[in-house]
S.K.: 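Next up is a structure, given as structure tokens.
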Protein chains: 2
Amino acid sequence: MEYPIGEFSKLTGLGIHTLRYYEQEGLIAPERNSSNRRCYSDKDLTWIEFIKRLKDTGMPIKEIKHYAELRATGDPTLSERMEMLVQHRQALDEQIAQLQEHKIKLDEKIEFYRNEIERVNNTNL
Amino acid sequence: MEYPIGEFSKLTGLGIHTLRYYEQEGLIAPERNSSNRRCYSDKDLTWIEFIKRLKDTGMPIKEIKHYAELRATGDPTLSERMEMLVQHRQALDEQIAQLQEHKIKLDEKIEFYRNEIERVNNTNL
DNA sequence: TCTTGACATAGAGTTTACTCTACATTGTAT
DNA sequence: ATACAATGTAGAGTAAACTCTATGTCAAGA
């Protein structure tokens with residue numbers, strides 16, 4: 001299947017302007033029809049979903065662009081791309097670990113508040 | 001103990017400019033000495049550490065500012081502050097869950113690459 | 001044929017969170 | 001007394017990632 005940009009926008013949840021911006025930044029290169037309109041494919045859809053994943057895990061656009069370039073080059077870049085993903089997984093692990101630590105501290109703080117509120121209530125009896 | 005901004009910057013890892021910016025944005029209000037220099041206290045240090053935690057877990061400056069205002073008001077705002085933290089913990093839980101899902105998919109992708117690289121190697125024998 | 005809606009490009013504007021510059025003041029060591 | 005390093009304010013500049021505006025094209029329905 002092929003989709004014009006409006007439909008692809010709905011499929012991806014990404015806003016027409018954002019899709020054009022991504023193309024300009026070299027993240028994606030949809031086909032064009034005879035009237036120069038963008039024709040996004042199902043492959044583009046899979047690819048955009050992966051881009052979103054990279055973004056949501058904190059990879060900056062420039063780095064995704066680099067990955068996209070390697071991808072466009074094909075097989076000779078397979079190991080370099082894998083290397084990037086392995087690095088990124090490492091970063092993601094650390095990110096998750098840090099958030100979990102933050103969560104523990106946040107829970108403690110909430111517990112502290114619970115006690116404070118209790119204490120203040122009792123003081124005002 | 002009290003610290004001038006340069007020292008406090010080192011203690012917090014936050015850059016002098018950033019500390020002044022945070023003050024301007026209403027996140028922190030250090031004392032001033034007779035010559036108008038900022039005198040950060042240990043309480044400020046604890047508070048900044050908490051600000052960093054909120055920031056690192058994705059809370060925007062504006063919301064932290066709101067929390068800071070409630071904090072400055074004192075006891076009457078205890079439950080509202082706790083409410084904010086409970087909400088934020090919820091968001092954090094979701095954030096962590098999402099990252100964990102992303103990690104699983106990323107691992108799958110890496111596994112896919114491992115197989116692809118193997119396949120390409122064998123094809124070129 | 002005329003209008004309308006989706007699409008095209010180029011470039012300007014926005015938001016967030018800093019980060020830096022210019023210039024004045026002050027405390028301290030020589 | 002003077003030099004200098006740290007600090008002060010006000011305001012400009014930066015980077016990332018969008019987001020919007022102006023203007024033009026084009027295919028399809030009334």
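What you see is a predicted model; the values in this text were computed from it and never measured. So you know, we letter chains A, B, ... as the sequences are listed, proteins then strands, and number each from 1.
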S.K.: Rounded to whole angstrom units, what separation is found between the CG atom of A/Asn36 and the P atom of D/dG24?
M.R.: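 Atom CG in A/Asn36 sits about 17 Å away from atom P in D/dG24.
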S.K.: In this structure, how many angstroms lie between the C1' atom of D/dA16 and the CE atom of A/Met59, rounded?
M.R.: 16 Å
S.K.: Is the shortest side-chain N/O distance from A/Lys55 to OP1 or OP2 of D/dC18 below 4.0 Å?
M.R.: yes
S.K.: Could you tell me how far apart A/Glu25 (CD) and D/dA15 (C1') are, to the nearest whole angstrom?
M.R.: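 Roughly 12 Å, once rounded to whole Å.
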S.K.: For A/Gln24 and A/Arg38, find the nucleotide of DNA chain C closest to each by heavy atoms; which residue's nucleotide sits nearer the 5' end?
M.R.: A/Arg38
S.K.: Grab the CD1-C1' distance between A/Ile64 and D/dA17 for me, whole Å please.
M.R.: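 Interatomic distance, CD1 of A/Ile64 to C1' of D/dA17: 11 Å.
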S.K.: Under 4.0 angstrom, heavy atoms only, what part of the nucleic acid is A/Tyr22 near: base, sugar-phosphate, or nothing?
M.R.: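 Touches sugar-phosphate only.
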S.K.: Once you round it to whole Å, what is the distance between P of D/dC18 and NE2 of A/His17?
M.R.: 13 Å
S.K.: Could you tell me whether B/Glu49 and B/Lys52 make a salt bridge, using a distance below 4.0 angstrom between a side-chain N and a carboxylate O?
M.R.: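 Result for this pair is yes, salt bridge flagged.
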S.K.: Is it the case that the side chain of A/Thr123 and the backbone of A/Arg119 share a donor-acceptor pair, with hydrogens and angles ignored and the cut-off at 3.5 Å?
M.R.: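 Present.
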S.K.: Among side-chain atoms of B/Glu94 and B/Gln98, is any donor-acceptor pair under 3.5 angstrom?
M.R.: no
S.K.: What's the closest nucleotide to the A/Tyr21 side chain, out of D/dT21, D/dA17, D/dT9?
M.R.: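 The nucleotide sitting nearest to the side chain is D/dA17.
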S.K.: In whole angstroms, how far is the C1' atom of D/dA17 from the CG atom of A/Leu14?
M.R.: 12 Å
S.K.: If each of A/Arg37 and A/Thr18 is mapped to the nucleotide of DNA chain D with the nearest heavy atom, which maps nearer the 5' terminus, i.e. the 5' end?
M.R.: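 With A/Arg37 and A/Thr18 compared, the 5'-side residue is A/Thr18.
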S.K.: So where does chain A start and stop touching DNA chain C, 5' to 3', when the test is distance under 4.0 Å to a non-hydrogen atom?
M.R.: C/dA6 to C/dT9
S.K.: To the nearest Å, how far apart are A/Leu54 CG and D/dA17 P?
M.R.: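 Whole-Å distance recorded here is 12 Å.
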S.K.: Side chain to side chain contact (heavy atoms under 4.5 Å, CB included) between A/Asp44 and A/Thr12: does it pass, once the steps are laid out?
M.R.: CA-CA 10 Å; A/Asp44 288 325; A/Thr12 58; over 6 Å; no
S.K.: How do B/Ser34 and B/Pro60 order along DNA chain C: which one's closest nucleotide is nearer the 5' end?
M.R.: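 Comparing both residues, the 5'-ward one is B/Pro60.
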S.K.: Roughly, in whole Å, what's the span from CD1 in B/Ile16 to P in D/dA6?
M.R.: 8 Å
S.K.: In terms of relative ring orientation, are B/Tyr67 and B/Trp47 parallel, tilted or perpendicular, with 30° and 60° separating the classes?
M.R.: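 B/Tyr67 vs B/Trp47 ring planes: parallel.
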S.K.: Run through B/Lys109, B/Lys103, B/Lys105 and flag the one making a side chain to side chain donor-acceptor pair (under 3.5 Å) with B/Asp107.
M.R.: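 With B/Asp107 as partner, B/Lys109, B/Lys103, B/Lys105 yield a single side chain to side chain donor-acceptor pair (under 3.5 Å), made by B/Lys103.
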S.K.: Flag yes if more than 12 heavy atoms outside A/Glu31 fall under 6.0 Å of its CD atom; otherwise flag no.
M.R.: no
